[in-house]
Amino acid sequence: MSYDTQPKASHFIDGAYVEDTSGVPIPVIFPATGKQIATVYAATPAIVDQALASAHRAQRQWAAMSGTERGRILRRAADMMRDRNHDLSVLETYDTGKPYQETIAVDATSGADALEYFGGLAGSLTGEHIQLGEDWVYTRREPLGVCVGIGAWNYPTQIACWKGAPALACGNAMVFKPSEMTPLCALKVAEILHEAGLPAGIYNVVQGLGEVGASLVTDPRVAKVSLTGSVPTGKKVYAAAAAQMKHVTMELGGKSPLIIFDDADLDNAVGGAILANFYSSGQVCSNGTRVFVHEGIKEAFLKRLTERLSNAVIGDPMDEATNFGPMVSEKQMKIVLDYIEKGENEGARLVTGGKRLNRDGFYLQPTVFADVTDDMIIAREEIFGPVMAVLDFSSEEEAITRANATEFGLSAGVFTRDLSRGHRVIAQLEAGSCFINSYNDAPVEAPFGGTKMSGVGRENSKAAINHYSQLKSVYVRMGDVEAPY
Ligand code: NDP
């Protein structure tokens, strides 16, 4: 292999790579071959303590710098990420199995966007002045302190930056734990931030499984936890954080609806449904996996969808022509195969796909089920793989009611040429990140996050600033104090 995937060490703490081989070894597997490409070691309690202590020690000085100075470092790191996009994308592809064609376009670049955007905002963070007659109140926007970021495996570079950039812009320090499935990319983010001038201790990465995450969440030095993960993990982490009244951001799973009306441009709607289900081999939290298609256009939609899916280039993710890669792990592939079997057993019509590919690695075919009903497991549970469920509907009201009949509320989309219907329907859908005649765009300027069981808080945009800072209000009396006695 020409590219060295073995990191210098497992952890990045206090501005340097740190190794401790007494931790549990974590093999890093390239999903396209099933071969091991690196080993890292889970953080021992001593490593976790070292990371938290260095973050705690460094944070006050970082917060004492001006926002403009902090922002300059983040923007420099953004430029470096763009300069190194090729290498970072190759690493992201090794870590996740996602095709290079995808990673070169969306991973390090999206991370760089976050560093640039929050770097730009850092100098503009202010409190306000509230005049009350002669007296007045001023507010100070203060950092929270040490923030913990815990990542999922589908977007390791992006998640490390989406959490780190706003946290650091606001003057916090971060300890980030990647998913044990994809431990490589966050280390590069830490390396680049420090090369860009970040003081030691402000952005640390520790490896480990859930128990390392849990030990970070419960440490009293930690003020905030931001998790990207599944709903069951979210519940545990939220509860643990609540015990010490910590701030939280929860970016969790979904089973989002995409409603396609009979007046929609068919090719755009099919394109939207493809983006909503098959990008990153379907391993995207905001995916629109319940595709409600008006009964009048259902067969035309399925025909066009099948034609277009037959053009997917499935293969070596390092090949620039490949646009559909393997699942992240054997475990995830088996979970998805199990759901496909359930769909078939429940009587859904398998329109295309449904099989594992006969080759090394964890490859599945893009899969579409039609005639799916609301009660089927494949319409209710998050599959997190390339499996689209197509459901029929006849009226707008019915589609909205059924779209909302889920515990999740991350995303929702509508395809229609009728603009007032588009806005009217989106307004009634219970979801945090919505799309009209599009799907899965996630620019850093727009808030991203869920409602209901899909999470609390928002990442990206100015909204994220509120989740990584707190307001102190200061009442200033200009005259004498009048006390009753
Ligand atoms: P998990 O919920 O299994 O894990 C998420 C992270 O939490 C991992 O780093 C995991 O560590 C860690 N973790 C597990 N248990 C604990 C615990 N008790 N305390 C602290 N940390 C813990 O999710 P996956 O990694 O499997 O990712 C897939 C899920 O993520 C999907 O459900 C998807 O919807 C969701 N997701 C949500 C996104 C969003 O923005 N809303 C974006 C991307 C994914 P380890 O893996 O090492 O066990």
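When reading the values below, keep in mind they use all heavy atoms of this one structure, side chains included, and skip hydrogens, waters and symmetry mates. Every number for a ligand or one of its atoms is a count from 1 in the order of the listing. When a residue number appears, it is its place in the shown sequence, counting from 1.
Note on Lys98 versus Asp107: salt bridge recorded, some NZ/NE/NH1/NH2 to OD/OE distance being below 4.0 Å. Of the charged side-chain nitrogens involved, none lies within less than 4.0 Å of a carboxylate oxygen, so that Lys246 and Asp219 do not count as a salt-bridged pair.
Nearest to atom 12 (C) of ligand 1 among the protein's heavy atoms is Ile150 CG2, 3.6 Å. Closest protein heavy atom to atom 10 (C) of ligand 1: Lys177 NZ, 4.0 Å. Of the protein's non-hydrogen atoms, the one nearest atom 33 (C) of ligand 1 is Phe384 CE1, 3.1 Å. The shortest contact between atom 47 (O) of ligand 1 and any protein heavy atom is with Glu180 OE1, 2.5 Å. Counting protein heavy atoms only, atom 40 (O) of ligand 1 is closest to Glu251 CB, 3.1 Å. Among all non-hydrogen protein atoms, the one lying nearest atom 27 (O) of ligand 1 is Ala152 CB, 3.4 Å. For atom 8 (C) of ligand 1, the closest heavy atom belonging to the protein is Gly151 O, 3.3 Å. Ranking protein heavy atoms by distance to atom 41 (N) of ligand 1, first place goes to Leu252 O, 2.6 Å.
Note on ring orientation: taking the six-membered ring where Trp is involved, the planes of Phe12 and His194 are tilted (angle from 30° to 60°).
A donor-acceptor contact closer than 3.5 angstrom links the side chains of Ser110 and Gln158.
In terms of heavy atoms, Pro99 sits closest to Thr322 at CB-O, 3.4 Å. Taking every heavy atom of both residues into account, Gly354 and Thr367 meet most closely at N-OG1, 2.8 Å.
Contacts of Phe448 with ligand 1, taken as heavy-atom pairs under 4.0 Å, involve the side chain alone. Contacts of Glu382 with ligand 1, taken as heavy-atom pairs under 4.0 Å, involve the side chain alone. At a heavy-atom distance under 4.0 Å, only side-chain atoms of Asn154, from C-beta outward, approach ligand 1. Neither the backbone nor the side chain of Val231 has a heavy atom within less than 4.0 Å of ligand 1.
Annotation for ligand 1: atoms under 4.0 Å from non-hydrogen atoms of Leu227 are 6 (C), 7 (O). Close contacts between ligand 1 and Gly213 involve ligand atoms 19 (N), 20 (C), 21 (N) [criterion: under 4.0 Å to a heavy atom]. Set against the non-hydrogen atoms of Gly253, the atoms of ligand 1 under 4.0 Å away are 34 (O). Heavy-atom proximity to Thr228, at under 4.0 Å, picks out these atoms of ligand 1: 5 (C), 36 (N), 37 (C), 38 (C), 39 (C), 40 (O), 42 (C), 43 (C), 44 (C).
In this structure, Tyr363 contributes its side chain and Gly315 its backbone to a donor-acceptor pair below 3.5 Å. At least one donor-acceptor pair closer than 3.5 Å links the side chain of Glu102 to the backbone N or O of Ser280. Counting only distance, with no hydrogens or angles, the side chain of Lys255 and the backbone of Phe408 share no donor-acceptor pair below 3.5 Å. When atom types are taken as modelled, the side chain of Asn287 and the backbone of Ser256 share no donor-acceptor pair closer than 3.5 angstrom.
Ligand 1 lies within reach of Gly208, whose nearest heavy atom is under 4.0 Å from it.
The residue among Ala241, Gly449, Gly450, Gly229 with a heavy atom at the shortest distance from atom 29 (C) of ligand 1 is Gly229. The residue among Cys285, Ser230, Ala42 with a heavy atom at the shortest distance from atom 2 (O) of ligand 1 is Ser230. The option from Leu216, Thr233, Leu410, Asn287 that lies nearest to atom 16 (C) of ligand 1, judged by heavy atoms, is Thr233. Residue Trp153 holds the heavy atom nearest to atom 24 (P) of ligand 1 of all those in Trp153, Tyr155, Phe408, Phe176. Among Ala239, Ser411, Ala214, the residue whose heavy atom lies closest to atom 20 (C) of ligand 1 is Ala214.
Between His86 and Tyr100, the ring centre distance stays below 6.0 Å.
By the 6.0 Å contact criterion, CD on Glu320 is open, its count of non-hydrogen atoms from other residues, nucleotides or ligands being 12 or less.
The NZ atom of Lys342 sits 5.5 Å away from atom CD1 of Ile377, with the distance rounded to the nearest 0.5 Å.
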